[in-house]
Amino acid sequence: MYVLLITIVIALFVAMLFVNIYFRVRVLKAYKKLVQAEVDFKPVHVINRQRMEEEIFPKYPQHREDIEVFVRHLFFSVRMASVLIALITLFGGILMWYR
């Protein structure tokens with residue numbers, strides 16, 4: 001059982017590394033497109049969808065899809081990292097309790 005728990009924790013760390021790399025590449029690719037198109041928005045626009053709709057999309061209607069892809073990838077990568085951290089913590093706690 002101990003070996004299984006160690007294996008799960010190691011696998012979760014590796015998964016977190018690959019998820020981080022994969023989404024970092026995707027987020028940076030989307031961000032690069034926006035920078036090249038000189039699309040300018042602030043972090044508050046990323047967090048607040050209503051402000052994005054009111055202030056940014058009318059200003060850059062031709063880049064709406066690129067902005068949405070960037071925001072979607074950004075939030076998905078944060079969500080995946082949070083889930084993996086929670087799982088690592090859970091299995092680490094189980095491992096400490098089991099030992």
Rounded at 0.5 Å granularity, tell me how far OG1 in T7 sits from OH in Y2.
10.5 Å

Salt bridge E53-R49, side-chain N to carboxylate O under 4.0 Å
yes

Rounded distance [0.5 Å steps], CG in L4 versus CG in L95
10.0 Å

Would you say CD of Q62 has more than 12 non-hydrogen atoms from neighbouring residues, nucleotides or ligands within 6.0 angstrom?
yes

Checking E55, E54, Q50 against H45 for side chain to side chain donor-acceptor pair (under 3.5 Å), the one that qualifies is E55

Would you call K33 and E65 a salt bridge, taking side-chain N to carboxylate O under 4.0 Å as the test?
no

Show, in sequence, the C-alpha distance, side-chain angles and deciding distance for F70 and D66, and conclude whether the side chain to side chain contact (heavy atoms under 4.5 Å, CB included) test is met.
CA-CA 6 Å; F70 171 72; D66 293 332; over 6 Å; no

Do V25 and L34 belong together in a cluster built from hydrophobic side chains that touch within less than 4.5 Å?
no

Have Y60 and R64 got a donor and an acceptor in their side chains that come within less than 3.5 Å?
no

Quiz: residues 76-94 side-chain donor-acceptor pairs under 3.5 angstrom, not counting sequence neighbours:
| from | atom 1 | to | atom 2 | distance (Å) |
| --- | --- | --- | --- | --- |
| S77 | OG | H73 | O | 3.3 |
| S77 | OG | L74 | O | 2.8 |
| S82 | OG | V78 | O | 2.9 |
| T89 | OG1 | I85 | O | 2.8 |

Are more than 12 heavy atoms, taken from residues, nucleotides or ligands other than Y31, located less than 6.0 Å from that residue's OH atom?
no

So side chain to side chain donor-acceptor pair (under 3.5 Å) across residues 8-20, not counting sequence neighbours, yields N20-R24

Measure the NE2-CD distance between H63 and E38 for me, rounded to the nearest 0.5 Å.
9.0 Å

